[in-house]
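Here the structure comes first, spelled out in structure tokens, and everything after it is commentary.
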There are 2 protein chains.
Amino acid sequence: MSKITLKKIATHFNVSISTVSKAINDSYEISEQLRTKIQDYAKANNYRPNKVALNLLNRNTKTIGIVIPNILNYFFVQVLYGIESVADIKGYSIITCITNQSLEKETKTLELLSAGSVDGIIISSAADESELPGHVPQIKKLHDNQIPMVMFDRVTDLIQCDKVIVDDYEAGYKATRFFINTGCRTIAVVTPIEDSNISKLRIDGYKKALDEMGVDFDEKLIVPIGKEDDLDITMSFLLNYRPIDAIMTLDEITAVKVMSIVQSRGYRVPEDISIIGFTNGELSKYVTPSLTMVSQHGKYIGETTVDILIDRIENKDSKKEFETKVVKTSLIVRNSTKKPL
Amino acid sequence: MSKITLKKIATHFNVSISTVSKAINDSYEISEQLRTKIQDYAKANNYRPNKVALNLLNRNTKTIGIVIPNILNYFFVQVLYGIESVADIKGYSIITCITNQSLEKETKTLELLSAGSVDGIIISSAADESELPGHVPQIKKLHDNQIPMVMFDRVTDLIQCDKVIVDDYEAGYKATRFFINTGCRTIAVVTPIEDSNISKLRIDGYKKALDEMGVDFDEKLIVPIGKEDDLDITMSFLLNYRPIDAIMTLDEITAVKVMSIVQSRGYRVPEDISIIGFTNGELSKYVTPSLTMVSQHGKYIGETTVDILIDRIENKDSKKEFETKVVKTSLIVRNSTKKPL
DNA sequence: CTGTTAGCGCGTTCAT
DNA sequence: ATGAACGCGCTAACAG
């Protein structure tokens with residue numbers, strides 16, 4: 001006995017399908033007697049209207065697709081958490097797709113999602129800035145498909161849609177100012193996401209702060225690290241190049257690793273070298289010393305993103321202009337930085 | 001112009017819907033000329049067959065529902081990661097539901113998923129042992145609904161289905177043995193999940209090891225902590241109760257916190273007190289000293305779970321007995337424990 | 001080669 | 001108070 005349907009119930013009572021449908025939906029058209037008889041039977045057999053059939057009928061799925069590059073990254077998990085909370089409250093399910101930074105998988109995923117299985121899409125693109133131009137048509141196609149979409153964090157100007165982004169420029173600026181205010185002058189930047197727009201913005205903010213304080217910008221202090229790179233070696237180069245006062249690291253795990261390397265080389269943190277990282281997760285609280293971090297408020301970003309998306313979904317006709325919401329960061333000051341002078 | 005359908009293409013070319021369907025599916029029945037004409041038009045208009053319609057037709061969705069208690073827990077994220085990887089390869093999407101340990105939400109979620117939107121379900125129940133009996137009927141109803149289901153980690157004997165569990169008994173045993181082998185005798189257990197079966201099993205293993213080595217079991221050394229409890233105070237009681245050699249903590253974050261508290265009270269880790277935690281995440285590697293942890297191999301568990309589920313889904317007729325796979329843990333030895341004598 | 005019919009499961013007219 | 005007919009978008013069996 002597989003899943004029970006209206007049809008089976010109808011057969012069982014020797015009535016028509018629509019009668020059963022009405023009875024189950026408490027229609028006044030059906031006699032009380034028959035209605036309760038059918039309802040009881042339905043309950044007893046654990047009848048649930050087939051969602052897929054209803055989706056087809058209503059042309060919606062009450063489901064949102066989430067496309068993120070990486071789920072082992074605390075920031076994205078936080079965003080996901082925020083999305084799920086709000087989606088749940090508003091009656092939506094989420095289908096999660098992880099691209100592992102692979103453009104190919106992202107494209108495949110987008111194809112899948114654009115085939116009607118979701119009412120809207122939230123995406124943080126895996127595409128690096130460099131790869132993006134060639135990739136945009138893919139995303140665009142989907143978007144032209146009339147399916148509401150909101151991008152967050154890793155966005156691009158090349159696509160017109162609602163966006164929720166972090167104020168990365170200001171974040172880079174604030175962190176750098178903080179370094180300078182605590183007496184640091186030679187500030188390095190270690191970036192595991194060099195090709196991204198995000199990285200660029202943070203570094204622009206960094207430059208702005210340097211400039212304001214009359215500190216010369218030194219290209220060599222910007223240290224990109226690839227997936228395969230040996231962080232130890234890269235750090236050796238950096239530390240031998242110039243005496244470093246401070247290091248800004250553009251994610252959490254690298255911040256922790258950099259601190260560990262620096263310490264193992266005999267530098268004291270923060271006395272010799274201060275460190276600020278990005279993404280305020282669990283790690284940074286518990287390392288020694290605890291790390292000063294830029295919090296991007298991932299959960300809030302998730303909540304905001306899904307709010308906007310659901311609004312688009314439920315008011316498709318509205319000709320509202322696309323908006324780009326900018327979420328400010330907070331500097332969570334701990335013990336990897338010196339006290340302001 | 002909303003989404004394009006076969007019907008619209010048919011109207012456009014003034015042919016029948018099935019002709020279009022066949023043309024798009026490269027049927028030999030359609031003349032080459034018409035076929036390419038239709039295909040070109042379809043491609044140009046970015047036609048994608050509506051998945052919902054196909055789901056209804058094929059009575060499957062190629063989607064798996066995942067129900068987990070908490071996504072901010074590294075173990076579950078790892079499992080999720082493992083599930084997603086394999087599911088993707090096998091052509092399944094995943095819809096993720098987070099219960100936040102709420103039985104109510106779990107029930108709601110299960111209702112939702114049992115309405116035909118997924119082909120199978122993977123669940124780690126939010127239910128504590130104490131709440132379980134009342135909850136089982138809910139899960140059971142779903143299960144009786146013929147929808148394949150695999151439980152992992154937090155399972156119960158009350159439900160008959162495939163399961164993938166951690167060898168928690170052995171894990172507790174191994175960790176305790178390790179303590180004893182490094183000269184520890186008075187070993188406390190801090191458990192944030194006291195009501196769970198998992199916690200019981202680990203403690204049973206712990207008792208077994210104590211017994212084998214002729215160490216008396218002391219009930220007072222088992223320290224449950226609730227969500228609201230002040231860990232600081234709880235630890236004070238413990239440390240004042242007896243001189244403690246070692247602490248086994250049943251999750252990761254508590255291990256880190258316990259170590260921090262112990263250190264702040266002037267104890268050296270591991271010289272005065274050794275610590276072993278559960279769940280080998282990022283945290284434990286980078287705290288000082290790095291923590292010795294029990295790894296449950298979350299990713300592997302996820303992969304295994306989804307393998308079993310998909311097998312059930314795709315061979316529904318097979319009358320294979322339900323299996324319970326037990327995954328062994330590994331003790332990742334770092335610096336929060338002493339060297340074996 | 002192309003079209004008609006039927007049906008996946010459901011809710012919604014509109015008849016009876 | 002009950003049922004027949006229709007359509008959501010699609011494929012497949014069958015007709016022409």
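Because the structure is a prediction, the values reported are computed rather than measured. To find a chain, count down the sequence lines: A is the first, B the second, and so on, and within it residues start at 1.
- Of the residues in residues 27-38 of chain B, B:Glu29, B:Ile30, B:Ser31, B:Leu34 come within less than 4.0 Å of DNA chain C through at least one heavy atom, sorted by number.
- The side-chain heavy atoms of A:Glu84 and B:Thr96, taken from C-beta on, include no pair separated by under 4.5 Å.
- Counting only heavy atoms from C-beta outward, the side chains of B:Asn50 and B:Thr5 never approach each other to under 4.5 Å.
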What donor-acceptor contacts under 3.5 angstrom involve side-chain atoms of residues 85-95 of chain B, with partners at least two apart or in another chain?
unit_1	atom_1	unit_2	atom_2	d
B:Ser85	OG	B:Tyr81	O	2.7
B:Asp88	OD1	A:Lys108	NZ	3.0
B:Lys90	NZ	B:Asp307	OD1	2.9
B:Tyr92	OH	B:Glu314	OE2	2.8

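- If you take CD1 on A:Ile9 and CD1 on A:Ile24, they are separated by 4.0 Å, rounding to the nearest 0.5 Å.
- A:Tyr300 pairs by the ring-ring contact (aromatic ring centres under 6.0 Å, His included) definition with nothing, not counting sequence neighbours.
- One distance of note links CD1 of B:Ile165 with OG of B:Ser124; it measures 11.5 Å at 0.5 Å rounding.
- No side-chain heavy atom of B:Ile4 sits under 4.5 Å from any side-chain heavy atom of B:Asn46.
- A nucleotide of DNA chain C counts as in contact with chain B when one of its atoms lies under 4.0 Å from a heavy atom; the first and last such, 5' to 3', are C:dC1 to C:dG9.
- End-to-end axis angle for the helix from C:dC1-D:dG16 to C:dT16-D:dA1, using five pairs per end and rounding to 10°, comes out at 60°.
- Test B:Ile308, B:Val67, B:Val306 against B:Ile122 for side chain to side chain contact (heavy atoms under 4.5 Å, CB included) and you get one pass: B:Val306.
- For B:Ser114 (side chain) and B:Leu110 (main-chain N/O), a donor-acceptor pair under 3.5 Å exists by modelled atom type.
- Here A:Ser16 reaches the OP1 or OP2 of D:dG3: one of its side-chain N or O atoms lies under 4.0 Å away.
- Annotation: side chain of B:Ile68 is not in contact with side chain of B:Val79 (no heavy-atom distance under 4.5 Å).
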Below 3.5 Å between N/O atoms, which protein atoms pair up with nucleotides 9-13 of chain D? Just atom names and distances, please.
unit_1	atom_1	unit_2	atom_2	d
D:dC10	OP1	B:Tyr47	OH	2.7
D:dC10	OP1	B:Asn50	N	3.2
D:dC10	OP2	B:Leu6	N	2.7
D:dT11	OP2	B:Ser21	OG	2.8

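- Under 3.5 Å, the side chains of B:Glu106 and B:Ser125 contain a donor-acceptor pair of N or O atoms.
- Listed for the A:Asn73 side chain is a donor-acceptor partner under 3.5 Å among the backbone atoms of A:Phe75.
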**Request:** For B:Ile64 and B:Asp119, run side chain to side chain contact (heavy atoms under 4.5 Å, CB included): C-alpha distance rounded to whole Å, both residues' side-chain angles, the deciding distance at 0.1 Å, then the answer.
**Result:** CA-CA 6 Å; B:Ile64 292 171; B:Asp119 296 345; 5.7 Å; no

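- Counting non-hydrogen atoms under 4.0 angstrom, A:Val52 reaches nothing in the nucleic acid.
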